[in-house]
Number of protein chains: 4
Amino acid sequence: MKFIPVLYIMTLKSKYEFKIIIEVQRMMTKRISLKETQRKERERLILDYAEKALLEKGYYDMNMDEIAMGVGVAKGTLYLHFPKKEDLVYTLVEPKMQSFLKSVEEAKALPVSPKEKLEFLLNRELSGAFFQLLMKSSPDMTTIFKSREAEVNDILPKIFSGIHDMLSEGIREGLFDPELPVEFMSSAFINLFEPHLYKEMVEVRKMPLQVFNSHLSNLFFRGIMDTKETN
Amino acid sequence: MKFIPVLYIMTLKSKYEFKIIIEVQRMMTKRISLKETQRKERERLILDYAEKALLEKGYYDMNMDEIAMGVGVAKGTLYLHFPKKEDLVYTLVEPKMQSFLKSVEEAKALPVSPKEKLEFLLNRELSGAFFQLLMKSSPDMTTIFKSREAEVNDILPKIFSGIHDMLSEGIREGLFDPELPVEFMSSAFINLFEPHLYKEMVEVRKMPLQVFNSHLSNLFFRGIMDTKETN
Amino acid sequence: MKFIPVLYIMTLKSKYEFKIIIEVQRMMTKRISLKETQRKERERLILDYAEKALLEKGYYDMNMDEIAMGVGVAKGTLYLHFPKKEDLVYTLVEPKMQSFLKSVEEAKALPVSPKEKLEFLLNRELSGAFFQLLMKSSPDMTTIFKSREAEVNDILPKIFSGIHDMLSEGIREGLFDPELPVEFMSSAFINLFEPHLYKEMVEVRKMPLQVFNSHLSNLFFRGIMDTKETN
Amino acid sequence: MKFIPVLYIMTLKSKYEFKIIIEVQRMMTKRISLKETQRKERERLILDYAEKALLEKGYYDMNMDEIAMGVGVAKGTLYLHFPKKEDLVYTLVEPKMQSFLKSVEEAKALPVSPKEKLEFLLNRELSGAFFQLLMKSSPDMTTIFKSREAEVNDILPKIFSGIHDMLSEGIREGLFDPELPVEFMSSAFINLFEPHLYKEMVEVRKMPLQVFNSHLSNLFFRGIMDTKETN
DNA sequence: TATGAATGAGACTTCATTCAT
DNA sequence: CATGAATGAAGTCTCATTCAT
């Protein structure tokens with residue numbers, strides 16, 4: 001059992017003491033909980049809460065106090081897991097970049113056409129992991145990532161070159177317009193993961209994800225298609 | 001005993017089932033009570049220092065840096081106790097107003113003559129709590145308390161009307177001069193708490209408080225006495 | 001003719017220029033206006049405006065910008081007349097103290113009873129010059145006057161001792177209660193000039209000044225009267 | 001020509017007769033125009049520097065000290081031009097939104113096909129003013145603009161609906177794929193202004209702007225083209 | 001190990017005062 | 001002389017981070 005006191009006193013005029021306990025129980029208390037498991041779990045909780053906060057408020061408006069309170073741990077505990085605010089955020093972003101990279105590599109390895117490879121990537125990553133790109137795009141993140149330049153520069157270029165390869169392959173196979181520079185295509189492809197369109201269509205207008213994906217994929221592939229092949 | 005737990009849950013992750021127990025209790029656990037005691041002590045230290053500073057220098061010339069330094073804590077610590085400078089000062093003034101009001105009400109309830117009621121009030125409050133009136137009188141305070149208008153307007157009018165009532169009672173009973181407007185009397189009575197006279201006589205010239213009080217009370221009651229009654 | 005541009009632009013969205021001229025004409029353009037006269041006049045305007053501001057807002061909430069704007073001169077011009085904000089305020093207060101002192105001395109010299117002397121003083125100064133005492137009482141002023149200690153200490157003691165003398169005279173003549181310390185009486189007398197009572201009665205409740213004065217004088221003199229004389 | 005003189009007289013001494021002349025005129029007097037020019041110039045310098053800082057570091061990492069230093073003025077001077085940090089940034093963003101809106105309206109009014117209208121818009125605004133969208137997209141900006149909600153909500157919806165109209169027109173004329181929701185198209189169109197692609201291609205890889213534009217326009221219009229019309 | 005009170009650097013902003021025009 | 005833009009010291013307040021318990 002764990003206690004999570006979440007307390008926000010608005011204007012306390014009383015001279016008396018009080019203690020508020022919010023008792024949080026897990027849905028299933030399986031008791032397999034070794035210390036390390038607990039640690040991981042808490043880390044998960046922190047990261048989940050932080051992700052939401054980051055997306056909603058941005059790096060600067062999300063503060064450590066709020067996260068500690070939201071997760072139900074002390075601020076000090078946060079710092080046991082993540083020595084810097086920056087670390088917390090980077091820990092959030094890094095696995096998303098890794099997962100994206102993994103998807104890129106899986107896509108590349110598929111025994112299908114380049115177009116289908118890219119569509120696979122789009123389907124796989126659209127719904128969740130394009131997070132990092134949002135992050136990378138925010139000017140804040142640029143600042144934050146400066147201190148992680150080495151690590152970031154290990155992952156992102158691999159992602160870009162993977163995409164680049166699939167697009168080049170498509171050009172070589174006469175599928176994609178050879179007059180469009182590959183870099184242009186790849187940047188535009190990356191842009192598809194940009195969260196605004198997704199948010200607007202899927203979250204606000206409730207367009208089913210599959211429909212959204214198919215529109216997006218149509219838009220892009222028609223756009224880069226080699227139209228001379230139809231002649 | 002009165003408990004005011006004000007709970008404001010901001011955004012709790014919802015993967016868990018919540019059971020909320022609001023357990024309100026007096027200081028019992030040693031650990032907590034110790035901390036809480038320390039907290040109170042520190043708050044006392046801050047308030048004491050701030051009161052001195054406020055009286056000596058006024059609201060604007062007293063600055064948070066100086067208070068922090070004087071108390072021996074960091075600036076941030078001050079803000080842990082009092083979110084705004086204003087709050088610090090208001091916390092200083094509010095209990096004095098409350099105490100004054102309480103004394104007024106006690107005085108009113110006494111089964112003695114109006115004159116004795118007012119004398120009781122004078123004796124009770126002269127030595128300490130007339131602070132608020134100094135405050136209210138300074139033009140700064142008027143400005144500062146604008147944001148606390150509601151609270152101030154809850155207390156002060158009660159004080160004034162309480163005094164007004166006792167004076168009216170005295171007039172009806174033929175003790176006080178009916179030709180003096182009650183408002184005049186009550187303003188003059190309030191003026192007795194003005195700290196200059198007190199400071200000069202009691203603090204500077206070391207007049208015993210009781211002597212000071214009796215002079216003051218003499219001065220006032222002779223002043224407002226209905227002299228025609230002797231005819 | 002003089003131009004006083006008083007301009008407060010709220011949210012200017014226009015890309016165009018504009019100039020606003022407020023032309024202020026004197027009621028009677030006597031053209032006797034030597035430079036020095038103009039200078040004096042402006043100084044008068046500044047002081048008048050500053051006095052109002054000081055009374056309404058206190059020392060810190062009244063700012064030089066506002067005064068300059070209110071008077072219709074540039075901020076720099078203010079500083080030609082008064083090198084420091086402090087100087088401006090002191091220039092405001094000083095003549096009031098002087099005038100008060102003069103009245104005290106006139107009162108003392110009158111060939112009438114001490115009570116009548118003090119009543120003369122009350123009548124003379126109540127309506128205007130008790131200003132300085134308000135000032136002296138505000139904690140701000142204490143700070144400000146620190147830099148003028150020498151000057152202030154030249155005037156105020158004379159005032160107090162003048163009043164002291166008249167009261168002592170009254171005691172010697174058997175008019176005032178010999179059991180009340182003279183210092184107590186004099187402080188209480190000074191307190192009569194405290195502006196709250198005046199404001200409340202005369203300004204808010206529109207009590208005629210003469211009535212107010214007579215009440216005040218009644219209150220005080222009955223209060224300090226030697227009641228044994230009636231025996 | 002439009003003049004917006006907004007006059008707010010705060011408390012003018014009333015011993016004088018006033019004649020108020022509101023004389024509105026264009027820059028004529030050399031002196032004033034000189035000063036005004038200087039003012040404008042300095043404001044330009046500040047805005048330029050701030051824009052750079054904002055783009056590089058984001059709202060929170062750009063600080064007023066740094067900008068003042070960078071521009072070579074004192075911090076106070078900054079606040080002479082822009083009362084709040086927010087104002088500085090909004091002043092940066094607002095004209096870009098306005099210019100974009102204007103371009104949208106011009107585009108709509110052109111006597112050409114919807115596709116050509118949108119291409120005109122793309123050509124016109126790509127190189128400079130898509131700034132606002134970057135801004136609007138950053139989570140910070142969402143926060144910042146909360147205080148300007150009214151103003152922002154006056155401009156942005158007009159932009160979106162203008163684009164929406166041109167796209168709908170295109171669908172009606174059988175140019176654009178009727179199976180793609182207009183909202184999808186318009187969001188995708190807006191996305192074209194997203195600065196990453198531009199930066200990468202034009203600024204980093206030095207692709208000529210016209211080439212970049214033509215690629216972009218190709219990509220988009222092929223993407224949304226109604227392909228069934230060729231049948 | 002977990003806590004949360006304490007810290008203090010640093011951000012924004014104000015305003016008395018100066019000074020070039 | 002008069003002006004008012006420019007200055008910068010100083011104040012309030014926030015929040016990432018530390019550390020004694």
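Chain letters run A, B, ... following the sequence lines, proteins first, then strands; residues in each count from 1.
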Does A:Tyr59 have A:Lys85 sitting over its ring (NZ/CZ under 6.0 Å from centre, angle to axis within 45°)?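 Output yes; distance and angle both within limits.
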What is the distance, rounded to the nearest whole Å, between atom [atom1] of [X] and atom [atom2] of [N]?
{"X": "C:Tyr60", "N": "E:dA16", "atom1": "OH", "atom2": "P", "result": "10 Å"}
{"X": "D:Asp61", "N": "E:dA11", "atom1": "CG", "atom2": "P", "result": "9 Å"}
{"X": "C:Leu88", "N": "E:dC15", "atom1": "CG", "atom2": "C1'", "result": "15 Å"}
{"X": "A:Tyr79", "N": "F:dC15", "atom1": "OH", "atom2": "P", "result": "12 Å"}
{"X": "C:Leu80", "N": "E:dT17", "atom1": "CG", "atom2": "C1'", "result": "12 Å"}
{"X": "D:Ile67", "N": "E:dT13", "atom1": "CD1", "atom2": "P", "result": "11 Å"}
{"X": "B:Phe82", "N": "E:dA5", "atom1": "CZ", "atom2": "P", "result": "15 Å"}
{"X": "C:Asp65", "N": "E:dA16", "atom1": "CG", "atom2": "P", "result": "7 Å"}

If you pin C:Glu86 and D:Lys85 to their nearest nucleotides in DNA chain E, which one's is more 5'?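 By nearest-heavy-atom nucleotide position, the 5'-most residue is D:Lys85.
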Starting from the 5' end of DNA chain E, give me the residue, D:Asn63 or C:Met64, whose nearest nucleotide shows up first.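 Of the two residues, D:Asn63 wins.
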Nearest-nucleotide comparison on DNA chain F, the residue closer to the 5′ end among B:Lys84 and D:Val73: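 Its nucleotide being nearer the 5' end, the pick is D:Val73.
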Contact nearer the 5' end of DNA chain F, comparing D:Leu78 with C:His81: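 It is C:His81 whose nearest nucleotide is closer to the 5' end.
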Distance check: side-chain N/O of [X] vs OP1/OP2 of [N], anything under 4.0 Å?
{"X": "B:Thr77", "N": "E:dA5", "answer": "no"}
{"X": "C:Arg42", "N": "F:dC1", "answer": "no"}
{"X": "C:Arg39", "N": "F:dC1", "answer": "no"}

Atom CD of C:Glu86 and atom OG1 of C:Thr91: how far apart are they, to the nearest 0.5 Å?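 Between C:Glu86 CD and C:Thr91 OG1, I get 10.5 Å after rounding to 0.5 Å.
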In Å, rounded to the nearest 0.5 Å, how long is the span from CD1 of C:Ile67 to CZ of C:Phe82?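 If we round to the nearest 0.5 Å, C:Ile67:CD1 and C:Phe82:CZ are 9.5 Å apart.
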List the atom of D:Lys57, the atom of D:Met62, and the distance in Å for their closest heavy-atom pair.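 Closest approach of D:Lys57 to D:Met62: CB-N, 4.1 Å.
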Considering every strand shown, what is the Watson-Crick or G-U wobble mate of F:dA20 when both distances are under 3.5 Å?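 Its partner is E:dT3 (Watson-Crick or G-U wobble, both distances under 3.5 Å).
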If pairing requires Watson-Crick or G-U wobble contacts with both distances under 3.5 Å, which nucleotide is the partner of E:dT13?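 Answer to the pairing question: F:dA10, which forms a Watson-Crick or G-U pair with E:dT13.
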Could you check whether the side chain of B:Lys75 and the base of E:dG10 have a donor-acceptor pair of N or O atoms closer than 3.5 Å, going by distance alone?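 Indeed, a donor on one side and an acceptor on the other fall under 3.5 Å apart.
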For the pair C:Asp48 and C:Lys52, find out whether any cationic side-chain nitrogen is under 4.0 Å from an anionic carboxylate oxygen.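 Salt bridge: no.
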